[in-house]
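Here the structure comes first, spelled out in structure tokens, and everything after it is commentary.
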Amino acid sequence: MTKSNKRAVGRRGFLKGAAGAAALAAKSPAAKAQDPQARRAAPHPSPSQIAAETSPPPARVDVYTTDRPGSDFMVDVIKSLGFEYVAANPGSSFRALHESIINYGGNQAPELLTCCHEESSVAMAHGYAKIEGKPMMVMAHGTVGLQHASMAIYNAYADRVPVYIILGNILDAAFRRSVVEWTHSVQDAAAMVRDYTKWDDVPASLGHFAESAVRAYKIAMTPAMGPVVIVADAVLQEEPVPEAARHRLRVPKLNLATPPAGDSGAVTEAARMLVAAENPVIVAGRCARTANGVKLLVELAETLQAPVQDRPFRFRMNFPTRHPLYGGGSLTDADVILGLEVPDFWNATHAQTPVNRMGMEARPTTTSGARLITISSADLVSRSNYQDFGRYAEVDLAIAADVEATLPALIDASKRLITGNRKKAIQERGARLAEAARRAREQALDQAAWGWDASPITTARLSAELWNQIKNEDWSLVSDVVFLSFWPTRLWDFDKHYQYIGGQGAYGIGYGAPAAVGAALANRKHGRLSVNIQCDGDLNYAPGVLWTAAHHRIPLLSVMHNNRAYHQERMYVQDMAARAERGIDRANIGTALTDPNIDYATLAKAYGVYGAGPIDNPNDLGPAIRRAIEVVKRGEPALIDVVTQPR
Amino acid sequence: MKKSTLMVLTAAAAMILVSVAEAQAPSKGDAENGRRLFEKDGCYECHGHAGQGGKDGPRIAATPLSAQTFVRYVRRPSGAMPAYTPKVLSDEELTDIHAYLKAFPAPKQAKDIQLLNQLRDK
């Protein structure tokens, strides 16, 4: 690196100039009027300026350029971690890192994604990670940017998804240049989100940054996965790498930890209980992380001929939806229940007084003597403040471990324990479950027929029309199914791990649209058709992510589930009104998104996205989806506004 | 069979017959007013504008319940539905809603809808 000897206004020079300007400003108006320089639009240089331009340079020259800012080294570290993308809404506290990424780093690996809101940046990273299986990087201000991002971080934390966040901050007060930089500075930036991140650090040097950055990646990717935060001090970013430090700086090697597998004795005991059971049921939560996770769960279920349930919330693509063991069985009749990474497992095995009744009582819904087993990495995470851990579950065997890492041993142990007699009973159970699954499927189709031609369009019709257009594609549903009464998972044939990514995690609305864009970005290089059934209330939090999708040519089909309401909340208000015996016709106040109706097709067009609709005639839906898919196949996002039934 | 048992069974059979007859009888309510109340008072929120049902409430279009049973259920529901008292919905209004629901025609069969028929297991 060489120091620049170009003439310029250094810090001392800037102060001299400022003093001269102050002297000029102090002149009287009359004197100013007689001053020929004051009357000219472009005054001649002052004597001091002329002197500065023509005199020999002083002995000491302030350096104001460098070919090696600290942020360049940060990019070396970041590149070593293999990030494909970095999502950011630009911010001055990480301006040097921004510049280094696009120039020193060539804007490749990672490529900068221009986001319109930090909540979108993090939610995009959230959706991306659930498809790609690794984190996207996010940059944000340590203050106002993180405040915007915080809900999305909580979602990712509760959903056990790795997100890698770098915050800008100016810790050294002497380097804060204005009121803006003072208000954008903070003593402990990550404190705001420490309750719902896995780890954070504030490196004091570039060497410290390198080690902490690599450590953070490792921590984020070790189950239970989660968001991590590194604060990149602005002074470290912007000041040159000291000559003396250059030969000492190195990028540590990343070694990911193997996921924790269950204790072998406990796994054998679980296998004994499952093999001996007459009616075992598997409940799958955030179980499968990869394609292998789905394969392993199928192998376990088939070995035991045990049904796999994943409601009331579908957290992941765990199990093929047309498999004869999917969705059947009864927790009430089960004698052994195996919960695999199930959030709030207590809730799966208990009934509580519903919200429309007074008081609160709870009772187990399982049969007396039923034995409960859990395998969950949630037992390895202990935080106090935010209560996403749910109610304490009294189980017979709790295995603190990653499910995918534990399933091979559980499958092997189960196979070893299945004797001839048990094998026959297990096969008979499988035949009964297959017949029940076939009947359930027939019932679902019969139910889907109700309201088939209705307007607003039913969510069953919407799902069937969509399936008809995508069934021969390599598709990926990058949105949740809960608000659609689960119709996609009841009708479609899900069998690949990337075909479903679950929901928000912490049920924070505003996640859907950006997570879909992030997931679609991950799907892009695989040539998959990404489909997002987009709730209207969710899109209105930060619709600017549509522009991000258009700007970065992210192919994504969004089909609006436009029920023109924050409908879940409307139902809750209705419950409260019925309880209070008043105003049952007023639950729309504060929950309706009408008057005026929002025109989502025009909204999409404003952001440069293909838009169509609103469609309220179900017969128009199929052709509209077909046209939008043609746009998406050209590599662009498209949105269809569909006016739908509430659920 | 004991005489008392026979009497109980006869009484039960009679009740079932009455209940079936009730369920099949046309509702006495005003279906048009029922449609208005169904929308205004939020029944559609859980059961859908077409009464088709969903995650939060079962199908109630073409309900098999009699008006009397329907009113009784709405007063003291057993599931996740809130109870609606006479203070907010009169018996007459509920009878009108029942008439509206009763008037829904049965849908086309799934096997007659191409998009659904193709989803059947082969």
Exercise for the section: Any chance you could measure B:L115, atom CG, to A:W452, atom CH2, to the nearest 0.5 Å? Expected result: 5.0 Å

Handout entry: Toward chain B, the part of A:N563 with a non-hydrogen atom under 4.5 Å
Key = neither

Handout entry: Heavy-atom proximity to chain B below 4.5 Å, by part of A:W492
Key = neither

Fill in the blank from the handout: Ranked by heavy-atom pairs below 4.5 Å to chain A, first place among B:A62, B:G51, B:P77, B:G53 goes to B:P77

Exercise for the section: Quick one: pull up CG in B:L116 and CG in A:L491 and give me the separation to the nearest 0.5 Å. Expected result: 7.0 Å

Exercise for the section: Look at B:G48, B:A50, B:P82 and state which one has the largest set of heavy-atom pairs under 4.5 Å with chain A. Expected result: B:P82

Practice task
Check the pair B:Q114, A:N468 against side chain to side chain donor-acceptor pair (under 3.5 Å), reporting the backbone distance first and the verdict last.
Solution key: CA-CA 10 Å; B:Q114 190 199 342; A:N468 191 44; over 6 Å; no

Handout entry: Closest-packed option against chain B by number of heavy-atom pairs under 4.5 Å, given A:R647, A:R570, A:Q645, A:R579
Key = A:Q645

Handout entry: Which portion of A:A448 sits near chain B, non-hydrogen atoms under 4.5 angstrom
Key = both

Problem - Which portion of A:R582 sits near chain B, non-hydrogen atoms under 4.5 angstrom - result: backbone

Problem - Part of B:P105 within contact of chain A (heavy atom distance under 4.5 Å) - result: backbone

Exercise for the section: Please indicate whether A:Y572 has more than 12 foreign heavy atoms, meaning atoms of other residues, nucleotides or ligands, lying under 6.0 Å from its OH. Expected result: no

Exercise for the section: Output the option from A:I584, A:D585, A:L484 having the highest count of non-hydrogen pairs under 4.5 Å with chain B. Expected result: A:I584

Exercise for the section: Let me know if B:A61 has heavy atoms under 4.5 Å from chain A in its side chain, its backbone, both or neither. Expected result: both

Completion exercise
Interatomic distance, NZ@B:K40 vs CG@A:N588, rounded to 0.5 Å, equals 11.0 Å

Exercise for the section: Pick one of side chain, backbone, both or neither for A:V355, based on which atoms fall under 4.5 Å of a heavy atom in chain B. Expected result: neither

Handout entry: Interchain contact, A:R357 with chain B, by part (heavy-atom threshold 4.5 Å)
Key = side chain

Fill in the blank from the handout: Taken to the nearest 0.5 Å, the spacing of B:K108 NZ from A:D446 CG works out to 14.0 Å

Problem - Beyond-backbone contact of B:L119 with A:R441, side-chain heavy atoms, under 4.5 angstrom - result: yes

Handout entry: Atom pair CD (A:Q574) and OH (B:Y84), whose distance is rounded to the nearest 0.5 Å
Key = 3.5 Å

Problem - Top contributor to chain A interface from B:C46, B:G54, B:A80 [non-hydrogen pairs under 4.5 Å] - result: B:A80

Fill in the blank from the handout: B:P107 and A:A449 have their tightest heavy-atom pair at CB-O, 3.6 Å

Problem - Donor-acceptor under 3.5 Å (A:H567 side chain, B:E45 main chain) - result: yes

Handout entry: Distance-only polar pair, side chains of B:Q52 and A:T458, donor-acceptor under 3.5 Å
Key = no

Exercise for the section: Taking atom CD of B:E39 as the centre, report whether more than 12 heavy atoms of other residues, nucleotides or ligands fall under 6.0 Å from it. Expected result: yes

Completion exercise
Greatest number of non-hydrogen atom pairs under 4.5 angstrom with chain A, of B:P86, B:A106, B:G79, B:G57, falls to B:G79

Fill in the blank from the handout: In terms of heavy-atom contacts, B:K55 and A:V482 come closest through CD-O, 3.3 Å

Problem - Distance in Å, B:T85 OG1 paired with A:E581 CD, rounded so as to fall on 0.5 Å steps - result: 3.5 Å

